[in-house]
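Owing to the predicted nature of the structure, the values given are computational and were not obtained by experimental measurement.
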Amino acid sequence: MDRSFDKVMVGTAEIDVTPPVGTMLAGYGYERISEGVILPLKARIIVMNEGEKRCVMVSCDFIGMPAKEANNIRRHIHKLTGIAPERVMICCTHTHLGPEMRDTSEWFYSKSDDEYLDRMELQVAEAVARAAANQIPAIICMGKQHEEGLAFNRRFRMKSGEEQFGPDKMRPTAVDIDKNDTDCAGPAGPTDPEFGVVLFKRELTSPPFAMIVNYTLHVDVTSGNEISSDFPGYMAENLKKIYGEELVTLYIQGACGNINHCAYLQNNPYPGTGVWKSEQIGRAFAGRAMNIAEKALPSQTSIIEVATEILDVPRYPKNDIIVQKMFKDISGKKADELTFFETVFMDLYEKFQDTETDKREITTMRIGDAVFCSAPGELFVEWGLEIKKWSSFKYTFIAELCNDSVGYIPTFEAFYRGGYEASPIISVKATPALGMMIADANFRNINKLAEL
């Protein structure tokens, strides 16, 4: 029996945004200069709906994009297409082998290539315009499955009650907990095993020409000093081999602030980092995405809409007990006794202004029966799970590093238990309440979108 399904106008584009070799790379706590290219960086684009109702989702192979650059792109898009800036979500995959976009006011050694950034911003907007000009009617389908064994919580509870990145400072990837040669009690948090796919087809039995893939896993696998889109790039290339070169696959990152690929407490014989590991994860993700795509069901509605809330976010208070304890402990040391991060903390502490507030945008996008809930930084997985718990949508996905990149967004408890991701001034510059503010704003946005 023939069945008709609601269709929505959809256009796609994919462009190369690889910076020149010699560009400073983002990520890690030291200066790195790119020495070559392993896998090009891409910006992948989907434009949905018509006229003033058009919405745009962009996935860029960058570690994160500060609001300044994201807003520049959105302004270019508005000028070229008329699409309102608040209807554009620019997300980053979080590769650690892409260009640095911060300057020295944000991180003491950073240096961005302004000429490259200006060119890239316009190129992405022009690609959005091309996608908007070449839309076709499409059916929205979606599905999700359980995926585990490739993502792990990277924070560990120590027997002292403190928490840290990795189970052992000296051998973070080779600890056998059964030997009792570590003070580690176990992982300090969960993972999010939900793997989601939203795809677009010309007809129900047609292959997809666009896919949005969502999972929660830090993109820091390849390592080194050569530019690479890491496993999202390998996943996208593998999916093209199945569904054709026209396929555009956006990888939208989940709440992975405390999630990575390291099987810390397992006797895992496979390489833990490098190109092979990136390829392995890329193949596994392509296989999972394909499995979901082949069973994905049509959305019950073709509604495409956004809801946005602007938060007025206080900065982390310098008089906080944790900050003052760090300052006192470090101040009591001699200069040659300071660790790298202690030196960074003291440098940033002097410059840090905590009396100001910052505007942070929270955009939630509905695509049929699914919603994508944004976060402007590296959201801890617990906050992502809370957003999903209270969502009325069966398909609720997190889109972190969306339209901004403010650093880590930990849980309240993490600040008091320690660890790199919860280090005030260094890793976290916003109020400890930011995670809750983001979850609540998405909750309100979800409720608005559910009424449509």
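- Residues D312 and T357 have side chains that bring a donor and an acceptor to within less than 3.5 angstrom of each other.
- Side chain to side chain, R444 and N447 fail the donor-acceptor criterion of an N or O pair below 3.5 Å.
- Under 3.5 Å, the side chains of E421 and N258 contain no donor-acceptor pair of N or O atoms.
- Of the inter-residue distances, the one linking E413 atom CD with F380 atom CZ reads 10.5 Å to the nearest 0.5 angstrom.
- Side chain to side chain, N71 and R74 meet the donor-acceptor criterion of an N or O pair below 3.5 Å.
- Between R288 and Q145, the side chains place a donor N or O and an acceptor N or O closer than 3.5 Å (distance only, hydrogens not considered).
- Side chain to side chain, S278 and T222 meet the donor-acceptor criterion of an N or O pair below 3.5 Å.
- Judged by distance alone, with hydrogens and angles left aside, the side-chain atoms of T249 form no donor-acceptor pair with the main-chain N or O of M211 at under 3.5 Å.
- Note on ring orientation: taking the six-membered ring where Trp is involved, the planes of F443 and W390 are perpendicular (angle over 60°, cut-offs 30° and 60°).
- Residues K388 and D192 are paired through a salt bridge, judged by an N-O separation under 4.0 Å between the basic side chain and the carboxylate.
- For the atom pair CE (M346) and CD1 (I425), the distance works out to 11.5 Å, reported to the nearest 0.5 Å.
- No side-chain donor-acceptor contact under 3.5 Å links R155 to the backbone of G189.
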Steps toward salt bridge (Lys or Arg N to Asp or Glu O under 4.0 Å) verdict (D16, K42)
CA-CA 5 Å; D16 191 315; K42 300 289 183 68; 5.7 Å; no
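- Atom CE of M436 and atom CD1 of I409 lie 13.5 Å apart (nearest 0.5 Å).
- At distances below 3.5 Å, at least one donor-acceptor pair connects side-chain atoms of N445 with backbone N or O atoms of A307.
- Below 30°, between 30° and 60°, or above 60°: for Y264 and F165 the angle between ring planes is above 60°, a perpendicular geometry.
- Side-chain atoms of T12 and E14 form no donor-acceptor pair, as typed in the model, at a separation below 3.5 Å.
- Remark: the N291 side chain and the K295 side chain contain an N/O donor-acceptor pair separated by less than 3.5 Å.
- Using a cut-off of 4.0 Å between Lys/Arg side-chain N and Asp/Glu carboxylate O, D404 and R360 are scored as salt-bridged.
- N442 is listed as a side-chain neighbour of I438, based on a closest heavy-atom distance under 4.5 Å.
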Worked check of ring pair (Phe, Tyr, Trp, His ring centres under 6.0 Å) between Y316 and F352
CA-CA 9 Å; Y316 203 106; F352 189 68; 7.9 Å; no
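- A donor-acceptor pair is defined here as one N or O able to donate and one able to accept, closer than 3.5 Å; such a pair exists between the side chain of S229 and the backbone of P40.
- Side chain of N153 to main chain of T191: no donor-acceptor pair is present (N/O by atom type, distance under 3.5 Å, no hydrogens or angles).
- Taken from SG in C373 to CZ in R366, the straight-line distance is 12.5 Å, to the nearest 0.5 Å.
- Ring geometry for H218 against H96 counts as tilted: the plane angle lies between 30° and 60°, on a 0 to 90° scale.
- For the pair K144 and Y395, the cation-pi criterion (under 6.0 Å, within 45° of the ring axis) is fulfilled.
- Salt bridge status for E162 with R417: absent, with no side-chain N to carboxylate O gap under 4.0 Å.
- Using the six-membered ring where Trp is involved, F231 and Y251 have ring planes that are perpendicular, over 60° apart on the 30 and 60° scheme.
- A centroid separation of less than 6.0 Å is found between the aromatic rings of Y408 and Y420.
- Here CG of D369 is found 10.0 Å from CG of L297. Values are rounded to the nearest 0.5 Å.
- Note that the SG atom of C402 and the CD1 atom of I362 stand 8.5 Å from one another [nearest 0.5 Å].
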